[in-house]
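Worksheet: the structure to be examined is printed underneath.
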Amino acid sequence: MKGKELLRSRSVLPIGTVMKLTNLTARQIRYYEEQELVLPDRSEGNRRLYSLNDIDRLLEVKDYLDDGINMAGIKEIYRQRRQKQASKRHEENKPLTDSDLRRILHDEFMNLGGLDTPDQQSFRTHNPLM
DNA sequence: CTTCTAACA
DNA sequence: TGTTAGTA
């Protein structure tokens with residue numbers, strides 16, 4: 001890891017600063033944490049400490065939400081993102097093709113309850129695999 | 001004064 | 001999500 005990334009992962013920002021930087025309410029920021037969309041560190045006094053990477057993640061979550069994607073959809077996107085990175089690591093022996101991923105994602109998407117029409121459109125719009 | 005958890009008129 | 005109560 002390079003120094004630059006080390007700084008981005010350094011948790012030092014209190015929730016108040018994060019609120020101003022993201023235009024999100026404390027309620028929303030804490031709720032997204034409850035949904036495991038962001039996992040800030042904690043100070044000795046149990047205060048949340050965010051990193052620049054956390055800020056980016058929150059802004060990203062906010063964008064998806066603005067586009068009509070719900071919590072389930074966002075979690076799904078990150079779940080896939082991690083899965084894709086995992087595949088990229090052992091790409092030596094298990095090179096799952098984009099075509100395969102697309103089929104799998106499509107199946108799971110169709111079985112994902114709670115996603116209304118606008119969500120489905122946004123889902124496709126933001127999913128690099130579709 | 002700022003943040004935290006829990007709860008709901 | 002907003003908001004508020006009672007803390008730390």
Side-chain angles (χ1 to χ4, degrees):
Chain A
M1 184 180 274
K2 287 168 295 186
K4 187 175 182 180
E5 297 173 32
L6 196 158
L7 283 173
R8 290 186 65 68
S9 61
R10 185 164 259 163
S11 302
V12 291
L13 314 176
I15 198 168
T17 302
V18 178
M19 290 173 69
K20 296 170 183 173
L21 266 37
T22 64
N23 276 308
L24 289 170
T25 65
R27 180 76 162 82
Q28 294 174 304
I29 297 172
R30 293 177 185 131
Y31 178 65
Y32 302 155
E33 174 183 356
E34 197 175 297
Q35 300 305 302
E36 301 180 272
L37 265 34
V38 285
L39 18 152
D41 285 5
R42 291 287 182 136
S43 68
E44 292 181 21
N46 196 42
R47 263 66 202 295
R48 270 168 268 251
L49 294 178
Y50 300 83
S51 68
L52 295 178
N53 285 322
D54 291 329
I55 301 297
D56 289 336
R57 168 60 68 91
L58 286 170
L59 291 172
E60 193 171 40
V61 169
K62 187 185 159 193
D63 283 340
Y64 285 137
L65 253 26
D66 287 337
D67 285 330
I69 301 178
N70 59 34
M71 225 50 66
I74 296 177
K75 289 183 180 179
E76 186 65 1
I77 291 175
Y78 290 133
R79 188 186 68 62
Q80 292 167 26
R81 190 171 295 181
R82 276 161 31 199
Q83 186 56 55
K84 188 173 183 179
Q85 293 177 60
S87 300
K88 195 172 185 178
R89 294 203 184 81
H90 8 136
E91 58 186 17
E92 313 169 355
N93 36 28
K94 188 185 178 186
L96 196 59
T97 69
D98 269 21
S99 166
D100 291 327
L101 284 176
R102 192 187 133 175
R103 176 181 50 66
I104 296 174
L105 297 178
H106 179 273
D107 294 338
E108 295 191 24
F109 177 68
M110 295 308 274
N111 293 315
L112 226 185
L115 293 178
D116 46 35
T117 304
D119 284 358
Q120 294 181 32
Q121 302 182 329
S122 297
F123 188 88
R124 296 206 184 75
T125 299
H126 295 281
N127 198 308
L129 298 175
M130 299 179 94

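Residue numbers start from 1 in every chain, and the chains themselves are labelled A, B, ... in the order their sequence lines are given, proteins ahead of strands. The figures that follow rest on heavy atoms only: side chains count, while hydrogens, waters and symmetry mates do not.
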Stem finding on DNA chain B, please: runs of three or more consecutive Watson-Crick or G-U wobble pairs, both distances under 3.5 Å, sorted by first number. B:4-8 with C:2-6
Checking contacts here: which listed nucleotide (dT3(B), dT5(B), dG2(C)) is nearest the side-chain heavy atoms of Gln28(A)? dG2(C)
Any side-chain heavy-atom pair from Leu49(A) and Val12(A) closer than 4.5 angstrom? no
Over all strands shown, is Gly45(A) touching base, sugar-phosphate only, or nothing at heavy-atom distances under 4.0 angstrom? nothing
Under 4.5 Å between any side-chain heavy atoms of Leu13(A) and Asp54(A), yes or no? no
Okay, side chain of Asn70(A), backbone of Ala72(A): is any donor-acceptor separation there less than 3.5 Å? yes
Please confirm whether the shortest side-chain N or O distance from Arg30(A) to OP1 or OP2 of dC4(B) is below 4.0 Å. yes
Would you please confirm or rule out a distance under 4.0 Å between OP1 or OP2 of dT1(C) and any side-chain N or O of Tyr32(A)? yes
Does Arg48(A) make a side-chain N or O approach to OP1 or OP2 of dC4(B) shorter than 4.0 Å? yes
Arg81(A)/Glu60(A) ion pair, N-O < 4.0 Å: yes
Note: Glu33(A)-Arg30(A) ion pair, threshold 4.0 Å (strictly below): no
Please determine if a side-chain N or O atom of Arg42(A) lies less than 4.0 Å away from the OP1 or OP2 oxygen of dA8(C). no
Which nucleotide in the list dT3(B), dT5(B), dC8(B) gets nearest to the side chain of Arg47(A)? dT3(B)
Among Asp41(A), Ile29(A), Leu39(A), which residue meets the side-chain contact (heavy atoms from CB on, under 4.5 Å) test with Tyr50(A)? Ile29(A)
